[in-house]
Amino acid sequence: MDTEFDDLQEMVLRDARKKYSEITIEHFMNPHNFGEMSQSDGHSSITGPCGDTIEIWLKVSDGIITEASFETDGCGTSIASGSMVTVLAKGKTLDSARTISPEDILKALDGLPEEKQHCALLASNVLRAAIDDVLTADVD
Ligand code: FES
């Protein structure tokens, strides 16, 4: 049974490698910073035109993002994009993290197939909205 599963997994991976970079597959299979965060300083949830939702939570100290986490109900590339955007955001100032573009995410993932590039756009939009939520909360 284990051997059958390993064979199947190897077959799926072989197919995935034809379309996706190693780093995208790695972030899809072992997402970084996955899961809801309790007591965050900022949160955002956006559903893209494809119907998938990405949520991001941030913890901020002295204007620096100390923690970032995400969840998604979307495809493998939305998982990889959410994972990568949280990795890129952590340790940055709010201003600097706000400039993380879909292209930055695509570059960090070593590219995505054209039909999946909107996942990176969704991830960067959610990050920006979560940062705006932190800034709005500060003003209140
Ligand atoms: Fe919608 Fe990936 S297909 S976020």
Side-chain angles (χ1 to χ4, degrees):
M1 180 69 180
D2 272 358
T3 316
E4 278 177 39
F5 180 76
D6 288 348
D7 288 351
L8 184 65
Q9 195 178 25
E10 194 42 54
M11 220 168 73
V12 170
L13 272 175
R14 214 176 314 125
D15 269 1
R17 285 194 185 102
K18 290 181 193 157
K19 270 178 104 174
Y20 300 103
S21 69
E22 277 302 319
I23 185 122
T24 298
I25 294 170
E26 161 63 24
H27 276 263
F28 162 59
M29 292 186 58
N30 300 299
H32 299 230
N33 310 310
F34 189 85
E36 186 176 342
M37 187 188 289
S38 61
Q39 298 184 330
S40 65
D41 298 308
H43 167 249
S44 171
S45 171
I46 299 178
T47 302
C50 60
D52 298 334
T53 302
I54 298 181
E55 277 187 80
I56 289 181
W57 293 265
L58 301 174
K59 262 190 192 139
V60 177
S61 175
D62 292 330
I64 296 188
I65 297 173
T66 54
E67 302 277 341
S69 72
F70 83 101
E71 278 189 358
T72 181
D73 61 1
C75 59
T77 36
S78 73
I79 295 173
S81 298
S83 173
M84 186 53 85
V85 82
T86 57
V87 167
L88 292 173
K90 261 167 113 171
K92 287 199 167 60
T93 63
L94 290 170
D95 281 350
S96 167
R98 218 175 178 290
T99 67
I100 295 171
S101 65
E103 291 72 28
D104 293 328
I105 299 167
L106 290 171
K107 198 171 158 200
L109 287 174
D110 242 350
L112 287 176
E114 197 166 336
E115 71 276 12
K116 288 293 182 181
Q117 294 186 357
H118 69 272
C119 307
L121 173 65
L122 181 60
S124 84
N125 285 342
V126 181
L127 174 65
R128 210 163 295 150
I131 291 171
D132 288 346
D133 189 45
V134 173
L135 296 171
T136 312
D138 275 355
V139 171
D140 290 344

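For clarity, every value in this text was computed on a predicted model and none was experimentally measured. Whatever order the structure lists ligands and atoms in, that order sets their numbers, starting from 1.
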Taking 4.0 angstrom as the limit and counting only heavy atoms of [X], give me the atoms of ligand 1 inside it, by number and element.
{"X": "S78", "result": "2 (Fe), 4 (S)"}
{"X": "K116", "result": "3 (S)"}
{"X": "H118", "result": "1 (Fe), 2 (Fe), 3 (S)"}

Item to complete: Report yes or no: do M84 and L121 belong to one cluster of Ile/Leu/Val/Met/Phe/Trp/Tyr joined by side chain heavy-atom distances under 4.5 Å?
Response: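 In one cluster with M84: L121, no.
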
Discussion item. Between W57 and F70, is there shared hydrophobic-cluster membership here, with clusters defined by ILVMFWY side-chain heavy atoms closer than 4.5 Å?
Written reply: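 The answer is no; the residues belong to distinct hydrophobic clusters.
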
Discussion item. Please name the atom of D52, limited to N, O or S, that comes nearest to atom 1 (Fe) of ligand 1.
Written reply: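 Within D52, restricted to N, O or S, atom 1 (Fe) of ligand 1 is closest to atom OD2.
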
Worksheet item: Between atom 1 (Fe) of ligand 1 and C75, is there an N, O or S atom separated by less than 2.8 Å?
Response: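 False for C75.
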
Item to complete: List the atom of S40, the atom of K59, and the distance in Å for their closest heavy-atom pair.
Response: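 What the structure gives for the nearest pair is CA-CG, 4.4 Å.
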
Discussion item. What I want to check is whether the side chains of T86 and N33 have a donor and an acceptor closer together than 3.5 Å.
Written reply: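 A donor-acceptor contact under 3.5 Å links the two side chains.
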
Worksheet item: Starting from atom 1 (Fe) of ligand 1, which protein heavy atom do you reach first, and at what distance in Å?
Response: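 Nearest neighbour among protein heavy atoms for atom 1 (Fe) of ligand 1, to 0.1 Å: C50 SG, 2.1 Å.
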
Practice prompt. Measure from the side-chain N and O atoms of S69 to the backbone N and O of F34, and report whether any donor-acceptor pair falls under 3.5 Å.
Written response: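 No, S69 side chain to F34 backbone: no donor-acceptor pair under 3.5 Å.
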
